[in-house]
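As structure tokens, the structure follows; a few thoughts come after it.
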Amino acid sequence: MWRIIIILVLLIILFLMIRKSIRDFRGRKSADPSLPSKDMMVQDPVCKLYITAGSAVVEKIGGQHYHFCSNECAHKFKSYMSG
């Protein structure tokens, strides 16, 4: 009888550990902490339009990430920064 109780307790502990690890895995943020979450609003530096980070065109220029509403704005910004 005691063996069954011990096995049940161990199974419950195992279940709780697996559940916690799955929740931790799902709750992880992006690999680069400098990037905002995909639902966060960011402003395009060219046209000043606010868009969600998930739908933005992201370019790394001069070691910094910039978010743009379109490829055209990204190209304008790159041209401005290079010359």
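Below, each value reflects all heavy atoms present in this structure, side chains not excepted, and no hydrogens, waters or symmetry copies.
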In sequence, state the C-alpha distance, the side-chain angles, and the governing distance for Leu10 and Leu14, and then conclude on side-chain contact (heavy atoms from CB on, under 4.5 Å). CA-CA 6 Å; Leu10 290 175; Leu14 180 64; over 6 Å; no
If you group Ile, Leu, Val, Met, Phe, Trp and Tyr by side-chain heavy-atom gaps below 4.5 Å, do Val57 and Tyr80 land in one group? yes
Tightest non-hydrogen contact, residues Ser21 and Ile18, listed as OG-O, 2.8 Å
So, do Tyr50 and Cys69 sit near enough that their side-chain heavy atoms are less than 4.5 Å apart? no
Hey, what do you get for CD (Gln43) to CG (Leu49), rounding to the nearest 0.5 Å? 8.5 Å
Which residues pass the salt bridge (charged side-chain N to carboxylate O under 4.0 Å, His left out) test with Lys20, sequence neighbours left out? Asp24
How close do Lys76 and Val46 get, heavy atom to heavy atom, and via which atoms? CD-CG1, 4.2 Å
At their closest point, which heavy atom of Ala56 faces which heavy atom of Val42, and how far apart are they? CB-CG2, 4.5 Å
In the single-linkage hydrophobic clustering (I, L, V, M, F, W, Y; side-chain heavy atoms under 4.5 Å), do Ile12 and Phe15 co-cluster? yes
Where do Tyr66 and Ile61 come nearest, in terms of heavy atoms and distance? CE1-O, 3.5 Å
Kindly work out whether a path of hydrophobic side-chain contacts (I/L/V/M/F/W/Y, heavy atoms less than 4.5 Å apart) joins Leu8 to Leu16. no
Indicate yes or no: at least one non-hydrogen side-chain atom of Met41 is less than 4.5 angstrom from one of Thr52. yes
From Ile4 CD1 over to Met1 CE, what is the distance, rounded to the nearest 0.5 angstrom? 6.0 Å
Going by the rule salt bridge (charged side-chain N to carboxylate O under 4.0 Å, His left out), which residues pair with Glu59 if we only count those two or more places apart in sequence or in a different chain? Lys78
If you measure from NZ on Lys48 to SG on Cys73, what distance do you get to the nearest 0.5 Å? 10.5 Å
